[in-house]
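Here is the structure we will look at, set down as structure tokens.
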There are 2 protein chains.
Amino acid sequence: MKPTATALQTAEEPADTGAQQIRDAIRDAIVERRLSPGTKLSESDVGNLFNVSRTLARAALQALSYEGLVNVEKNRGAFVAYPSPEEARQIFAARRLVEPGILREAAARITPSQIQHLKQLLLEEGRLMGERGQTARRAEIKASGDFHLTLAAISGNAIMQRFMDELVARSSLVIALYGQSTISSCGHSEHGDVVAAIERNDLDEACQLMLHHIAHIEADLDLRERKSVGLKEAFEL
Amino acid sequence: MKPTATALQTAEEPADTGAQQIRDAIRDAIVERRLSPGTKLSESDVGNLFNVSRTLARAALQALSYEGLVNVEKNRGAFVAYPSPEEARQIFAARRLVEPGILREAAARITPSQIQHLKQLLLEEGRLMGERGQTARRAEIKASGDFHLTLAAISGNAIMQRFMDELVARSSLVIALYGQSTISSCGHSEHGDVVAAIERNDLDEACQLMLHHIAHIEADLDLRERKSVGLKEAFEL
DNA sequence: TCAGGCTAAATTGTATACGATAATCTGCAC
DNA sequence: GTGCAGATTATCGTATACAATTTAGCCTGA
């Protein structure tokens, strides 16, 4: 019961060594949409794929389920999450709720070099948008999410940063499921507008732009309930 | 790769059967401050305590580490989290960031019966405050957190609700570590003021009161860095 | 042909086993 | 008595084993 003097526990890795890698690999696959919602992730398969035992595979899947990227159903197994329209709405409601606040915090602490970094990100994002091919598309998806994540990082609040991690990842799933326009997940120019507003220190405008941006992404979704169309309706066209 | 028709996955339990109970039991113990920050939670001990194998004990501890209630250090074991002053600040910054938004959402959807429920909670809280004894004290701690959690539940956003769960639990740890006034963790009357403001539909005032309330809790903390006082200073009085 | 139930295969839930790492203790040299 | 090296113990990391549950297939009988 001694205090163990765990004072300087500033930023350690959260957990296991092995499971971490697997979790990250699967998460990337989900976020970049190489794994479709609903795909079954059996423990044995995951284990074989990464040459580890089911123990580690299971740990990784558990971890992903805490982030909401995977649903594990008792005695049935783990599946890439298949967010319902209601869940999708809640994810974006959460983003509208927190992102303005994060933006304000970030703007208050941002340094010139960090602004530079943000701009570099935008450049990269634009470049990828020009290219074609799946690889570029995936990189673009990641980059557009990274913009929001970078803002959270700049805000300096590790807790909000982790939360945004989760929200951005889950957003990617939602877009994969309900997105309509084949085009990018995130209006690229809108990111630039936000940075510009930050640069001229117009916080209210920046928040407004951010809210618009989120609304814009959400507007591209078709959130009508598709309740297991697998019935006859699917063939009665 | 079939869609598996996982449509109505509205609100299932996230994971295992056994580990869940253990996790909840430990979490309650932490939130009610029966377990002090820094306490070691060895996998074997936890397993023996609940009469399960290390496998389940480990899973429970991992889960708690995702919520930030437990730190698991590689090859060393799991400890009840010992939040640094910086972490404490971030936890409350996060609460200031999200709770007004949650409050607004909640106020927009609240029903008369839910208002009634909130008032009942306040009554209960007040009653506990009058009693004495550890049991009452612990129940009071839980109740005062439940106020914030109930608001999140009323907001109807499951994601924000889970996030608040985490924040409230971690707040309890922070208060256990840095709280000064022996008295309750939450100004009880302030909860009542918030409800009153909601009732007369004065949202701006309600948010203002909520922010004050959070600031009030935070003001009771002594967040000075106590860096492993274990040195001579501890004995040079 | 189709419904129903039984059996077998696959998959998850949990426990145990073994190797690896870190903490602790012991004894020897100084 | 102090300091360090080696051995010992405790604990974690990962794999494997076995039990329980679900799923799919198959056969049978109307």
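No experiment lies behind these values; they were computed from the predicted model shown. Sequence lines set the chain letters: A, B, ... in the order given, protein chains first and strands last, and positions in each chain run from 1.
For residues 41-51 of chain B, proximity to DNA chain D is found at B/Ser42, B/Glu43, defined as any non-hydrogen atom under 4.0 angstrom from a strand atom.
For A/Asp28, the side-chain contact (heavy atoms from CB on, under 4.5 Å) test picks out A/Glu32, A/Lys142, with sequence neighbours left out. Residues forming a side-chain contact (heavy atoms from CB on, under 4.5 Å) with B/Gln21 (at least two apart in sequence, or on another chain): none. In this structure, the ring-ring contact (aromatic ring centres under 6.0 Å, His included) partners of A/Phe147, at least two apart in sequence or on a different chain, are A/His191. Evaluation of the side-chain contact (heavy atoms from CB on, under 4.5 Å) rule for A/Val31 yields A/Arg27, A/Ala169, A/Ser172 as partners, not counting sequence neighbours. Taking the side-chain contact (heavy atoms from CB on, under 4.5 Å) definition, one finds that A/Arg76 meets it with A/Glu73, A/Phe79, sequence neighbours left out.
Using modelled atom types, one side-chain atom of B/Tyr178 and one backbone atom of B/Pro83 make a donor-acceptor pair closer than 3.5 Å.
B/Gln21 places its CD atom 15 Å from the P atom of C/dG13, with the value rounded to the nearest Å. Taking atom NZ of residue B/Lys40 and atom C1' of nucleotide D/dA10, one finds them 9 Å apart after rounding to whole Å. Taking atom CG on B/Asn71 and atom C1' on D/dC12, their separation rounds to 16 Å, with Å as the unit. Taking atom CD1 of residue A/Ile22 and atom P of nucleotide D/dT14, one finds them 9 Å apart after rounding to whole Å.
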Run the side-chain donor-acceptor check on residues 45-53 of chain A: report pairs under 3.5 Å with partners two or more places apart or on a different chain.
unit_1, atom_1, unit_2, atom_2, d
A/Asp45, OD2, A/Ser42, OG, 3.4
A/Ser53, OG, A/Thr55, N, 3.2
A/Ser53, OG, A/Thr55, OG1, 3.4

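Taking only side-chain nitrogens and oxygens, A/Ser53 comes nearer than 4.0 Å to OP1 or OP2 of D/dA15.
Among residue pairs with one or both ends in residues 151-162 of chain B, those qualifying as side chain to side chain donor-acceptor pair (under 3.5 Å) are A/Glu166-B/Arg162; sequence neighbours excluded.
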Pull out every protein N or O sitting under 3.5 Å from an N or O of nucleotides 17-23 of chain D, one pair per line with the distance.
unit_1, atom_1, unit_2, atom_2, d
D/dT23, OP1, A/Arg76, NE, 2.5

